[in-house]
Amino acid sequence: MSDDRPTRRDLMKPVQLLGMAFGAAAFAGIVTLVSMGFFQQRTSEEAQAAVILALIIAGVTFITVLVVVALLLLAVDPAQVTKQVDKPVLLPDSDDDDGDDEGPDAAAGGTPKA
């Protein structure tokens, strides 16, 4: 196995972002068409209304997925992506574990203090 870790740029290329957004938009459009009965015996006005609504929902889904994924990528520090984590991530950074933690969960864990 290779030790080369991919960078954030390698993980989420613009083509991949657009592909993911297009896939979500196509899924939303197809679900809209199926739920509105486009593939059943309908009049042409009902079919046209279903197609228009499906295109609107697909467009909104495409833009929403692009914006949300882009904002989530901005929240990740590039230095943290390449950094190797060798400890549990939910534990505090302090190394002294003497058990007398006075944090917000200290009262819920044992005997009440007088």
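Under a hydrophobic-cluster definition in which Ile, Leu, Val, Met, Phe, Trp and Tyr are linked whenever side-chain heavy atoms come within less than 4.5 Å, directly or via other members, Leu74 and Val67 are assigned to the same cluster. Placement of Val65 and Leu17 within a single hydrophobic cluster is found when ILVMFWY residues are connected by side-chain heavy-atom separations under 4.5 Å, directly or transitively. A continuous path of hydrophobic side-chain contacts links Ile30 to Leu55 [ILVMFWY only; heavy atoms under 4.5 Å]. Under the 4.5 Å side-chain contact rule for hydrophobic residues, Phe62 and Val15 do not share a cluster. Hydrophobic clustering places Met36 together with Ile57 (ILVMFWY residues linked when any side-chain heavy atoms are closer than 4.5 Å, directly or through intermediates).
Residue Phe27 qualifies as open at atom CZ: its count of foreign heavy atoms under 6.0 Å is 12 or below. By the 6.0 Å contact criterion, CD on Glu46 is enclosed, its count of non-hydrogen atoms from other residues, nucleotides or ligands being greater than 12.
For the pair Leu53/Leu33, no side-chain contact is recorded, criterion being any heavy-atom separation below 4.5 Å from C-beta on.
Closest of all the heavy-atom pairs between Ala54 and Thr32 is CA-CG2, 3.8 Å.
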